[in-house]
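Here's the structure we're looking at; comments come further down.
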Amino acid sequence: MLHELLLSLLGYTGDLVVDDKEHRLSVGLSSENSIADQCTFKLASDISFIQSSERDIIEKTITLGFYYRELDRFATKSRNLSWIRCGSEPSKKNQSVYRRAIANGLVEVLSVYRSAVLHVEQKLLSDHLPILATVTQSLNKFFVLLPPLYELILEIERDGISGGKLLNLLHKRCHCGVPELQTCIQRLLWHGHQVMYNQLASWMVYGILHDQYGEFFICKQEGNSERDSSNMSEKLARMSVNDGSLSDWHLGFHISLDMLPEYIPMHIAESILFAGKAIRVLRNPSSAFRSVDARHKKLMGDELLPQSEADKIESMLINLKESSEFHKRSFEGAVDSIRAIAASHLWQLVVVRADLNGHLKAIKDYFLLAKGDFFQTFLEESRQLMRLPPRQSTAEADLMVPFRLAVTKTISDDDKYFSRVMLRMPAIGANIKSSKVDIPKSKYADGDSSLSSDSSSEMSLDGWDGIALEYSVDWPLQLFFTQEVLSRYCRIFQYLLRLKRTQMELEKSWESVMQQDHSNFSKRHIERVNGSTSQQRRQCFRPMWRVREHMAFLIRNLQFYIQVDVIESQWNVLQTHIEESRDFAELVEFHQEYLSALISQSFLDIGSVSRILDGIMKLCLQFCWKIENQETNASTNELERITEEFNKKSNSLYTILRSSRLAGSQRAPFLRRFLLRLNFNSYFEQTAQGVMNVIRPTPTIPPLQR
């Protein structure tokens with residue numbers, strides 16, 4: 001009886017202790033591999049020589065045997081690697097590295113339990129001691145360990161918990177008031193963390209995601225998110241270099257919130273994701289980039305990631321791995337240090353070796369119109385072409401003629417970046433519309449939409465407003481100049497080019513008409529015709545030239561504000577950040593702030609303002625084209641309409657910009673200077689009442705005469 005009782009404590013039943021589960025198995029009511037949800041060990045009902053008090057003690061004691069058997073079955077099942085010999089891996093659904101690690105911890109606990117049972121047997125065989133009292137006293141501590149562990153594996157099996165979810169469950173169970181149980185679960189958690197640290201080492205030291213069963217909180221992007229990433233995939237496919245590390249950086253990996261333990265903050269998980277992606281880039285450089293290094297031997301001093309730095313990262317993870325407990329502060333400190341190392345070396349690669357600042361300067365020259373002489377020449381050469389609507393099939397080829405002429409006249413052979421710039425003319429009416437839809441998406445647009453609903457409804461863009469630039473970037477600059485970034489630059493470029501074209505047309509119209517006037521004056525002087533007609537003609541033109549001057553004044557000040565107050569000031573801020581920062585992620589963030597500042601301070605993200613500005617530029621172009629064709633009285637009526645519309649829109653613009661929401665906010669720190677230059681003589685302030693629907697007289701342009 002003694003040995004049968006001891007065997008039942010190790011999960012073996014017989015005549016004294018029976019298992020109800022075996023009976024249910026015989027009649028097909030239970031599965032052999034399933035874990036019973038309650039104790040099935042019972043004392044045989046036909047045992048009559050045991051008193052009821054002893055029966056209660058025995059039945060309570062043999063529950064330890066049931067818990068032991070179920071825990072042992074779970075550990076054996078989770079640690080089963082027999083499929084390796086068969087050469088065929090079982091379904092991934094039933095496999096878990098983290099469960100296997102927890103099973104190893106359970107084996108340690110069960111080995112202690114088996115040793116305690118063996119010690120009880122030795123004591124009872126050597127001394128004549130009360131059997132039940134000795135067994136109960138020796139195994140009493142396991143009554144607080146095995147039942148909670150059984151409940152733990154029952155929940156794991158029932159809910160299919162694995163990976164980070166399993167770590168999260170163990171971490172919650174650690175918070176209990178029983179020191180022995182807390183120590184035991186902390187040991188199980190330690191085993192689970194060993195797997196996590198191994199995965200972290202693979203990811204953050206070698207850039208390899210070793211996650212066979214999808215249990216790590218860093219996971220590879222699956223194909224089921226095609227709807228969200230299809231646009232980005234198409235953009236990446238158009239990149240000049242087909243490099244795997246590029247797609248991995250943008251689309252390859254993400255954080256799985258389901259597998260992220262709650263005790264690891266989101267910003268730490270993001271740091272782990274960034275560090276692994278950075279190490280992956282550094283360890284897998286593009287072959288084209290290596291050939292560039294071969295030509296510039298001064299860049300070949302060290303590897304992109306020196307072995308000493310990799311060893312340093314690995315040693316930090318080993319220190320965490322060897323710690324008996326998980327210390328959140330130590331973990332976060334180590335992750336931050338590893339992230340800093342990865343970001344520093346990625347900064348060295350992108351900023352120093354790939355000459356980031358040179359490319360930024362080139363993009364500023366061409367996308368932000370810093371090379372004003374080039375674009376002035378281009379617009380002058382293409383002026384006559386742009387007077388005609390673009391042809392659907394040959395618009396881009398037509399533009400290449402003045403574009404190459406401008407290159408020949410203004411771009412030197414020393415400019416090594418210009419070869420990366422390409423002129424593009426999208427399909428007429430396609431890309432132009434889509435780019436304009438994006439602009440009004442602003443928190444300011446809704447509140448001001450009423451001020452410009454009339455302008456947005458009637459406005460149609462000039463076909464040449466779709467002129468765009470493309471910039472070819474190589475590895476690893478695609479990590480910095482993403483397609484989204486280049487699209488934002490292109491959006492700003494189109495806006496600035498329209499502004500410069502408008503300013504040039506206003507100047508050219510004055511120049512053209514003055515030349516004609518001087519020519520007429522000389523002809524009359526030679527022919528000795530009475531000059532009263534010429535004087536009368538000039539008197540008629542005076543209101544028209546006043547309107548042209550108002551237009552030029554507004555466009556010049558707007559252009560000065562954007563180029564000097566916005567672009568140059570933000571460029572200086574960006575250059576300061578580049579000089580001070582040694583962190584690639586910080587640099588990307590600074591550049592995003594730079595781009596956002598350019599867009600917001602140029603009012604491209606305020607739908608009402610951008611629509612008014614587009615309407616003003618359209619009216620200016622119409623005005624220029626009309627005054628160069630001074631033929632009939634019908635054109636005079638049209639000029640009066642343009643003048644009235646311009647006054648309305650310019651006053652609306654001033655009213656919106658001087659509002660406290662804009663002029664009093666920090667989104668445009670130099671806006672007050674712009675308003676001061678516009679309203680230096682209080683003209684705009686006095687005439688802005690037109691926006692408030694106050695009827696005021698408008699200047700009348702006399703009929704034009706030949």
Ile279 versus Val205: any side-chain heavy-atom pair under 4.5 Å? no
Between Asp474 and Arg420 (salt bridge meaning N to carboxylate O under 4.0 Å), is one present in this structure? yes
Got a list of side-chain donor-acceptor pairs under 3.5 Å for residues 364-374, not counting sequence neighbours?
from   : atom 1 : to     : atom 2 : distance (Å)
Lys364 : NZ     : Glu568 : OE2    : 2.9
Asp365 : OD1    : Lys361 : NZ     : 2.9
Asp365 : OD2    : Lys361 : NZ     : 3.3
Tyr366 : OH     : Asp415 : OD2    : 2.4

Step-by-step ring pair (Phe, Tyr, Trp, His ring centres under 6.0 Å) determination, Phe603 to Tyr495: CA-CA 11 Å; Phe603 319 119; Tyr495 174 63; 8.5 Å; no
Does a side-chain heavy-atom distance below 4.5 Å link Tyr561 with Gln601? yes
Within-4.5 Å side-chain heavy-atom neighbours: Phe378 and Leu399: yes
Under the side-chain hydrogen bond (donor to acceptor under 3.5 Å, both in side chains) criterion, do Gln575 and Glu579 qualify, and how do the steps go? CA-CA 6 Å; Gln575 288 299 301; Glu579 292 174 1; over 6 Å; no
Quick check: do Phe481 and Leu356 have side-chain heavy atoms less than 4.5 Å from each other? yes
Under the rule for side chain to side chain contact (heavy atoms under 4.5 Å, CB included), what residues qualify as partners of Gln307, not counting sequence neighbours? Ala310, Asp311
Keeping Ser271 on the side-chain end and Asp336 on the backbone end, is there a donor-acceptor pair under 3.5 Å? no
Measure the shortest side-chain to side-chain distance between Leu379 and Met386 over non-hydrogen atoms and say whether it is less than 4.5 angstrom. yes
Taking the side chain as every heavy atom from C-beta outward, state whether Phe331 and Leu200 have any pair of such atoms under 4.5 Å apart. yes
Heavy atoms, side chains only, cut-off 4.5 Å: are Asp583 and Arg339 in contact? yes
Which residues pass the ring-ring contact (aromatic ring centres under 6.0 Å, His included) test with His577, not counting sequence neighbours? Phe590
